Visitor: 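The structure under discussion is supplied below as structure tokens; questions concerning it will follow.
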Amino acid sequence: MKEIIKIAWRNIWRNKLRSSVVIISIVLGIWSGLFIMAMTYGLNEQRINGAITTTLSHGQIHNPKFLSDQTINDTILYRLAVITSINTIPQVKAYSERIISPGMVANAKGTFGTQLTGIDPQNEIKVTEIYNHLIEGTYFTKIKRNPAVIGKKLADKMKIKINSKIIVTLQNSVGDLVNAAFRVEGIFKTQNTTFDGSTIFVRKDDLAKIVDFKNGEINEIAYVGNSLEQASIIAEKLKLKDKNNKTETWDEISPELGYAQEMMSTFLIIFMLIVLAALSFGIINSMLMAVLERKKELGMLMAVGMKKQKVFAMITFETVFLTMLAAPLGLLLSYLSIEYYSTHGIDLSMFSSGLESLGIAAIMYTYLPREMYVNVTLLTLLVAFISSLFPARRALKLNPAEAIKSL
Amino acid sequence: MNTVIKTEHLSKIYNQGEIEVKALNDVSCEFHKGEFTAIVGPSGSGKTTFLNIIGGLDSPNTGKVVIDNTDITKLKSGELIDFRLHNIGFIFQAYNLIPVLTAKENVEFIMLLQGIDKEYREKRTKELLKEVGLGKMMDRRPTQLSGGQQQRVAVARALASKPRFILADEPTANLDSKSTAQLLDIMAKLNEEEGITFIFSTHDQRVIDRAKRILVLEDGKIVEDKKM
């Protein structure tokens with residue numbers, strides 16, 4: 001077998017151009033597969049992180065009725081007991097109490113639907129990163145009376161600037177419609193234009209006065225753990241301690257994020273199948289050419305007594321060697337490009353309006369779990385091996401007497 | 001005399017479209033140890049087909065080929081490959097060396113397939129290449145050798161497996177006069193001194209002149225069998 005391996009190794013250098021083409025195609029196949037995976041993983045990570053750091057946090061607690069119709073009166077039941085419970089869970093890093101009220105916001109340019117989120121800014125900055133997304137103004141530090149921080153898209157629609165006054169209309173706790181004036185202190189821009197087009201943050205105490213909450217009522221508690229993995233651990237503990245309210249993790253609150261992940265996994269499988277199929281046809285084509293060009297030599301080998309298994313092994317080894325040469329190069333190229341774009345990002349600003357409506361940032365950062373490098377490499381080697389079977393089988397079908405005479 | 005090959009009523013028909021071509025027509029003959037036989041005849045007379053069948057590279061439609069009491073027409077594909085490896089040496093018109101191996105490696109390769117140990121392999125390879133006058137060119141690849149030198153490597157390769165006989169299909173067809181003469185001298189010497197049996201098909205008068213036996217084929221039949 002050693003000699004067969006030696007011949008196979010030397011054979012691949014007989015036609016350097018063809019071998020180089022095969023190697024380059026495998027390198028590009030591995031790179032394109034891994035890079036697209038890294039883009040998809042990165043995109044999904046960014047989308048989930050964006051949602052978690054701007055709105056969802058790691059988990060939320062609500063009155064079960066609030067989840068179905070978002071009525072302001074469906075406040076957290078036994079709030080103080082819930083807060084005590086949260087404080088006893090060591091994995092909880094921070095939490096923020098919120099009042100949530102759907103309403104209308106109006107100015108001279110028109111009236112728009114909105115969601116007012118009443119927060120305690122000091123606690124909220126420990127849970128979400130809206131303050132990091134401010135593009136104008138400040139985050140509840142300058143305006144003393146009824147300040148508001150609003151999304152850029154909403155601000156653009158209403159042609160609002162910092163210090164502009166807006167009037168919100170909403171339903172208070174006794175069911176009456178009430179109006180209140182707020183002054184815009186900050187404008188934020190996240191990667192999710194839908195969120196930016198409908199969200200207004202105000203101080204919880206200001207909103208409580210408007211909706212007539214007198215005893216510290218809230219509609220939502222958002223919490224974060226020390227890591228995303230702890231979201232479900234915290235949720236489980238809260239579920240045991242608090243049977244009156246409903247605790248949900250980020251993926252339960254926003255299942256579409258999970259669906260997107262599943263959809264992307266399916267997309268990745270399809271994409272990889274296409275890449276590997278193209279790679280496979282490339283290898284088959286090149287190796288078949290190599291076999292047909294060497295008919296006379298293969299015929300001679302069979303004539304002088306080389307067993308068919310050895311001829312088969314020789315062709316298979318040639319393909320596997322080419323793949324083994326190409327795979328490290330493909331992996332290195334992939335690793336370098338993925339690492340580079342994981343810190344520098346890929347600028348997709350030309351598509352930003354479309355992407356942002358899907359909650360995707362204009363700068364995409366690649367990310368790929370380490371095990372995917374191994375998986376794709378093993379898959380490529382497997383495809384190369386399978387692709388070598390057809391040309392090797394073709395070699396076996398040669399009739400030595402005819403092959404020796406072939407030109 | 002010691003019979004090495006015996007053919008009985010060999011027939012081979014090729015179908016070329018709707019036309020049947022009888023490449024061999026009831027050919028029976030014997031080859032004996034130590035013979036130096038030229039199979040001659042015009043193009044299409046069946047020389048190559050005959051060599052292919054007695055070499056186990058092709059099978060006849062009827063008849064049998066018995067080599068040392070083994071009817072090779074009854075052997076399965078794998079058995080036939082093994083039989084060829086241990087019993088038959090081949091020399092081809094176009095040399096058919098493995099281009100990625102050196103002269104030494106080409107000769108050694110056959111013994112590797114036979115599973116012969118390294119020490120003996122290397123010793124025999126050197127001896128054989130010296131015998132064909134290529135002792136100083138052992139590390140050259142086929143592309144670094146002339147046609148005549150390549151054919152001499154092919155002779156050494158054919159001898160490497162210690163075959164019962166050597167089949168050569170037009171071995172001098174691609175060689176110039178000098179190379180042809182050198183090759184024939186080597187083959188004749190091996191035949192005379194070591195008793196190697198050679199059977200070759202040829203058109204070349206220089207080869208025919210050196211043969212000890214001439215079989216003339218016409219239209220797939222032996223029409224003359226001359227001992228010189």
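Please read all numbers here as calculations on a predicted model, not as lab measurements. Below, read A as the first sequence line, B as the second, and so on, with proteins coming before strands; counting in each chain starts at 1.
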Visitor: How long is the gap from CG on B:N96 to NZ on A:K296, to the nearest 0.5 Å?
Guide: 5.5 Å
Visitor: Among B:A94, B:P99, B:G56, who wins on heavy-atom pairs under 4.5 Å with chain A?
Guide: B:P99
Visitor: Rounded to the nearest 0.5 Å, what separates atom CD1 in B:I81 from atom CE in A:M306?
Guide: 10.0 Å
Visitor: Can you find a heavy atom in the side chain of B:I98 that is under 4.5 Å from one in the side chain of A:M300?
Guide: yes
Visitor: Quick test of your reading: applying ring-ring contact (aromatic ring centres under 6.0 Å, His included), list the pairs with at least one residue in residues 258-301 of chain A, sequence neighbours left out, ordered by first then second residue.
Guide: none
Visitor: Inspect the surroundings of CZ in A:F321 and state if more than 12 heavy atoms from other residues, nucleotides or ligands are less than 6.0 Å away.
Guide: yes
Visitor: Which atoms of B:T48 come close to chain A, meaning under 4.5 Å heavy atom to heavy atom: side chain ones, backbone ones, both, or neither?
Guide: side chain
Visitor: Pull out the residues in residues 6-28 of chain A that come under 4.5 Å of chain B, heavy atom to heavy atom, sorted by number.
Guide: A:K6, A:I7, A:R10, A:N11, A:R14
Visitor: Using ring-ring contact (aromatic ring centres under 6.0 Å, His included) as the criterion, list what pairs up with A:Y367, not counting sequence neighbours.
Guide: none
Visitor: Does atom CG of B:D219 have more than 12 heavy-atom neighbours, drawn from other residues, nucleotides or ligands, at distances under 6.0 Å?
Guide: no
Visitor: Name the region of B:S77, side chain, backbone, both or neither, that has any atom closer than 4.5 Å to a heavy atom of chain A.
Guide: side chain
Visitor: Which heavy atom of A:A303 sits nearest a heavy atom of B:F92, and at what distance?
Guide: CB-CZ, 4.0 Å
Visitor: Chain A contacts: which residues in residues 105-129 of chain B have a non-hydrogen atom closer than 4.5 Å to it?
Guide: B:E105, B:F109, B:I110, B:L112, B:L113
Visitor: Is a side-chain donor or acceptor of B:R84 paired with a backbone partner of A:G305 at a separation under 3.5 angstrom?
Guide: no
Visitor: Is atom CG of B:N15 surrounded by more than 12 heavy atoms (other residues, nucleotides or ligands) closer than 6.0 Å?
Guide: yes
Visitor: Within a radius of less than 6.0 Å around CZ of B:F83, do more than 12 heavy atoms belonging to other residues, nucleotides or ligands occur?
Guide: yes
